[in-house]
Asks: 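What follows is a single structure, and I will ask about it in a moment.
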Amino acid sequence: MELAVVWFCVIALLWLGYLFLEGFDFGVGMLLPVLAEDNTERRVMVNTIGPVWDGNEVWLIVAIGATFAAFPGWYASLLSATYLPVLLILLGLIGRGVAFEYRGKVDSVRWRRTWDRVIFTGSLVPALGVGLLISTTVFGLPLDADGNRVGSVFASVRLETVLGAVALVGFALVHGAVFLSLKTDGDIRHRARDLALRFGPLALAPLGALLVLAQLEAGAGWSWLAVGVAAAAGAVAFDRLGRGREGQAFAALGVVIAAAVVALFGALYPNVLPSTLDPAWSLTVADTASSPYTLQVISWVALFGTPAVLVYQAWTYWVFRKRVSTAHIPPVHVP
């Protein structure tokens, strides 16, 4: 297998890691004003992702960085054509990170509510933006023969890409609710589980529609199999959650997003950014890849660097693996 194809698969894997880890992260942030009934419960929810949210964002940085290193043509055309959504993603992530650090710095209800709104917005906007970005990659842009976008900055906003944005938000909400049922105890745990069971199938429906649409447009026989795996895993997730097996439900949702990434990138290959004006102008793996020497160098770097990152992140999750409840929150808190 050529290194360019290997790196196409690696980038898909990096997006999978980001969507799985940051998915529940975004979901918890968006559910903050929905599930928590008081500040103590909001602190419990924030504490479930407090030790890991910044590590989860590393996957986005690496995915974009790997695209730049392995496929500079893909990187240049996609990010220059979608700079507005990318800017909104970055602003949302910055505001969200600041909010996590600042919400407990002043003992004021108004202060905390303000930062809680920032957490909610900083979770919703990046989820929408990332969903739009990935679906734009899959469904393409109006590119000319030189790989430049034709039209306004809103050329990436179409029915398919909006569906992708909504699909990621829906998945994140379900993923976040299941994560909270896994990581908390008491009333929050039960409310999160009930919410996921009641609204989960509806929230995942846009993701199912996105996968079917992608397959109808450019899918192959084997990529349809991935769609079936995603649907079956979703059914297993809700069955396991209904039986109180939150860990198994969380793992099943991981299979859902893994199968979704396989289906989407499978439909995309061998393109990396289709042209909606003329298929002959689509950017492909071969056209946009770096030189063989560059791919060899970054392959060696990834071979030695990736295990260290994975071990560190796995250690972080292991250390903070226990459930959190309101009993762990001091009754009086003055930062």
Side-chain angles (χ1 to χ4, degrees), residues 4-5 7-16 18-19 60-93 125-169 171 206-207 209-220 223 260-290:
V5 178
W7 273 98
F8 177 83
C9 297
V10 168
I11 290 171
L13 183 62
L14 291 171
W15 278 113
L16 166 59
Y18 180 70
L19 295 175
L60 175 63
I61 298 171
V62 177
I64 298 298
T67 305
F68 171 75
F71 300 97
W74 182 7
Y75 172 91
S77 293
L78 177 63
L79 268 69
S80 62
T82 58
Y83 66 86
L84 183 57
V86 171
L87 176 62
L88 293 176
I89 291 170
L90 293 176
L91 290 176
L93 292 177
V125 171
L128 288 169
V130 170
L132 184 74
L133 187 67
I134 293 176
S135 55
T136 297
T137 298
V138 173
F139 292 100
L141 282 167
L143 301 177
D144 61 19
D146 296 321
N148 297 318
R149 184 197 68 214
V150 176
S152 72
V153 68
F154 298 105
S156 62
V157 182
R158 308 192 306 276
L159 176 61
E160 313 94 281
T161 59
V162 171
L163 178 62
V166 174
L168 183 53
V169 169
F171 173 79
L207 178 60
L210 179 72
L211 297 182
V212 170
L213 186 60
Q215 300 312 305
L216 290 175
E217 184 161 317
S223 57
V261 169
V262 169
L264 292 174
F265 278 81
L268 174 63
Y269 183 82
N271 295 325
V272 292
L273 189 60
S275 172
T276 58
L277 297 179
D278 188 339
W281 295 342
S282 297
L283 303 181
T284 68
V285 170
D287 295 337
T288 60
S290 295

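Below, all heavy atoms of this structure are taken into account, side chains as well, without hydrogens, waters or symmetry copies. When a residue number appears, it is its place in the shown sequence, counting from 1.
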Asks: Going by side-chain contact (heavy atoms from CB on, under 4.5 Å), S156 matches just one of V162, T137, T136, L133. Which one?
Replies: T136

Asks: Shortest non-hydrogen contact from L143 to L277?
Replies: O-CD1, 3.6 Å

Asks: Do L268 and P274 have side-chain heavy atoms sitting under 4.5 Å apart?
Replies: yes

Asks: Could you check whether any side-chain heavy atom of T67 comes within less than 4.5 Å of a side-chain heavy atom of L79, counting everything from C-beta outward?
Replies: no

Asks: Are the side chains of I11 and W74 in touch, meaning some heavy atoms are under 4.5 Å apart?
Replies: yes

Asks: Can you check whether L19 reaches I134 side chain to side chain, under 4.5 Å on heavy atoms?
Replies: yes

Asks: Rounded to the nearest 0.5 Å, what's the gap from OG1 on T288 to CG on L78? Could you check?
Replies: 11.0 Å

Asks: If you look at every heavy atom in P85 and L132, which pair is closest and at what distance?
Replies: CG-CD2, 3.6 Å

Asks: Supply the atom-to-atom distance T276 OG1 to W281 CH2, rounded to the nearest 0.5 angstrom.
Replies: 10.5 Å

Asks: Quick one: pull up CG in L87 and OG1 in T82 and give me the separation to the nearest 0.5 Å.
Replies: 11.0 Å

Asks: S223 versus Q215: any side-chain heavy-atom pair under 4.5 Å?
Replies: yes

Asks: Rounded to the nearest 0.5 Å, what separates atom CG in L141 from atom OG in S275?
Replies: 8.5 Å

Asks: Closest approach of I89 and L60, non-hydrogen atoms and distance?
Replies: CG2-CD2, 4.5 Å

Asks: Answer yes or no: is there a donor N or O on one side and an acceptor on the other, between the side chain of D278 and the main chain of A280, under 3.5 Å?
Replies: yes

Asks: Quick check: do V261 and Y18 have side-chain heavy atoms less than 4.5 Å from each other?
Replies: no

Asks: Taking ring-ring contact (aromatic ring centres under 6.0 Å, His included) as the definition, give me every residue that meets it alongside Y83, ordered by chain and number, with sequence neighbours left out.
Replies: none

Asks: Quick one: side-chain contact (heavy atoms from CB on, under 4.5 Å) partners of Y269, sequence neighbours excluded?
Replies: V5, F8, V285

Asks: So, for A260 and L207, which heavy atoms are closest and what is the spacing to 0.1 Å?
Replies: CB-CD1, 4.3 Å

Asks: Is L211 close to L264 at the side-chain level, that is, under 4.5 Å between some pair of heavy atoms?
Replies: yes

Asks: With a 4.5 Å heavy-atom cut-off, do L14 and V10 have their side chains touching?
Replies: yes

Asks: Strictly distance-based, threshold 3.5 Å: is any side-chain N or O of S290 a donor or acceptor partner for the main-chain N or O of A69?
Replies: yes

Asks: Indicate the atoms forming the closest heavy-atom contact of S77 with G147, along with that distance.
Replies: OG-O, 3.0 Å

Asks: Atom CG of L163 and atom CZ of F139: how far apart are they, to the nearest 0.5 Å?
Replies: 7.0 Å

Asks: Let me confirm one number: the CD-CG distance from E160 to L210, rounded to the nearest 0.5 Å.
Replies: 9.5 Å

